[in-house]
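Worksheet for the structure shown next.
Numbers restart at 1 for each chain; the letters A, B, ... are given by sequence-line order, proteins then strands. Everything quoted here is computed from the prediction, not taken from an experiment.
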Amino acid sequence: MAGNPKGQVNGPFTEESRAELFKCAGLNSAGYDPWGLNLETTERTAKAVMWFYKHYFRVETTGVDKIPRGRVLLVPNHGGQLPLDGMLIALALLTDPKQPRLVRGMVERWFPALPFVGTLFVRCGQVVGDPDNCRELLARDQAIMVFPEGVRGSGKTIWNHYRLQDFGTGFVRLALENKAPIVPVAVVGSEETYPSVMNLSWLARLLGTPYVPVTPFFPLLGPLGMLPLPVKIQIHFGDPIWFDSDPDQPDDEVQEKVDLVKTRIQSMLDEGLEQRPGLRVLNKLLGR
Amino acid sequence: MSIVITGAVGALARIVARKLRNEDDLVGIDLRPLHSGRRLYKSFHHLKRYNQRRAAEIFRSHRPRALLHLGMRGASARSLNARYTQNVLGTRHLLHLCSRYGVERVTVLGTYHVYGAHQHNPVNIREDAPLRASQIFPQIADIVELDHAVTHFMWRHGEVSTILLRPVNIVGPSINNQITRLLRSQRCPILLGFNPMEQFIHEEDAADAIILAHRGQHTGVYNVAGEGALPYAGAVRLAGGRTVPIPHVLAYPVVGALSRWRLTFPKHLMDYFRYATIIDDGAFRADFGWEPRYSLVETLGSLQFPARHA
């Protein structure tokens, strides 16, 4: 694991970082990009959730400086029922004092149907996970964040914590097509924020949601049980991986590259867990 | 050059006619009577339907070299039958006349509504994207069918240079359509918790785009958008109005019931105020060198004044 500026200072935006962000965002005269990003709303939202970032989840990052400038795909593990991991990664990069980056997270296709939340996500730069959106954003040299595990990763129970689920292959083809590097990201701690012991799949089908988790606190404690546990979260950014080959190569060759990225993330997760004795013991008890 | 302009009574056609009349002989046709602005056209013909026999006589007598088909009936019109007759049967008949009487250039004004408003829509929809509007709202199948009729005509009649434009919401001081009526109202309903991105083009920019398309050489289908996109609530504010949030679970049944009596916005267009349909007009800009002259702020600000005649 690369050496870390532990407890990196993530503070409010500086004039320079704000100017840099505005320059890269490509906004129109009304202050929006075609996806609906608005930097004022993003900034207000970032300030509102900064307390959780600093004091509730006590986020630590390593390897932010490894992220290349220009187009890039961030590929993290996914866990913890809600996309808190995505939000914290985006916040870590947005408020990075040296090189603030706006990360465009790819969200599930049903997100736009959610009132308020869907709109807020769009204003903060998150977009529907559609290959066309990814291509457009990479063409504009933006940083995009994809979760190849999808809901398989976020909805997994504690019995599968830190075991990467099946990865889709689309992100590697996107990287090949757009000649973009892939930065593997390991998020340690997010799995424990909502320790789901089982998924009420019948209720999920009824409600039209991908899963309905049961945790030791939810639904037992009602709305209070929906509060994420205050687990310390560490985000490790790995060395960028550059693939330079034909984007139309057969699936098995693409699968090899997917497996390489997956192995890299898994080893970063294992290393990250080694540094967290508490989580390590917990996961050993759960059979990991 | 003699040019036939359909929908000649409409504000957009008048702006186009004002820009063209010094250089060309304009023949206006419409299903509505022309009460003012007769000087814009060399001759004007009031038809009952575009597919009636008199339309052929106009083509026979004037022998136009170009057709500007701007007479599409919008998705907001309630009578499905009237819309089908005008948009599908009328357009097919006019295209047939163009091929029969040696018209060289055909420019058809369609709409971006053909792409449909859907939560899965990617941003920057290009011309080759599926036209899912009729799948989502069967009520506007006629607009998709018009689009298909024109593309089919392009394919079958290569001798007629044909271009189909799919513009975003056209607004401006003289345009009186569903969206301008909505934005001009002091209190605009908005679905609570939803504020999708919308695109608008100023009427002058839309007219310039039509003229560029008419005078250009390229054929095919082109999206036409304005400067960019902004949230619907922002558009309402720039137009000088205020938003009135309504929960969507309430809005759909209420609007559905009221729109039967023509008291509100048609229900089948409500999804355009829930999900974004953002199109990419890069191909039109590249092929025709078009750039909008009006910014979003100017475009929507022009609605703060009462509607005036073009």
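The closest side-chain heavy-atom distance from W35(A) to M197(B) is not below 4.5 Å.
The CG atom of L230(B) lies 12.0 Å from the CG atom of D33(A); values are rounded to the nearest 0.5 Å.
The most heavy-atom pairs under 4.5 Å with chain B, out of A30(A), G36(A), P34(A), come from P34(A). Looking only at heavy-atom pairs under 4.5 Å with chain A, the residue among G228(B), P231(B), P196(B) that has the most is P231(B). Interface summary for chain B: among P131(A), G118(A), A113(A), G129(A), the most heavy-atom pairs under 4.5 angstrom belong to A113(A). Top candidate by heavy-atom pairs under 4.5 Å with chain A, chosen from V297(B), D280(B), N195(B), is N195(B).
Only the backbone of L114(A) comes within contact range of chain B, judged by heavy atoms closer than 4.5 Å. For Y275(B), the part sitting under 4.5 Å from any heavy atom of chain A is the side chain, from C-beta outward, and nothing else. For D130(A), the part sitting under 4.5 Å from any heavy atom of chain B is the side chain, from C-beta outward, and nothing else.
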side-chain contact (heavy atoms from CB on, under 4.5 Å) assessment of F116(A) paired with L192(B): CA-CA 8 Å; F116(A) 301 107; L192(B) 183 66; 3.6 Å; yes
Stepwise side-chain contact (heavy atoms from CB on, under 4.5 Å) test for Q119(B) and W110(A): CA-CA 7 Å; Q119(B) 68 196 73; W110(A) 47 269; 3.9 Å; yes
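Proximity to chain A at a heavy-atom threshold of 4.5 Å picks out V123(B), N124(B), R126(B) from residues 123-133 of chain B, in numerical order. Residue-level contacts of residues 136-153 of chain A with chain B, in order of numbering, are E136(A), R140(A); threshold 4.5 Å between heavy atoms.
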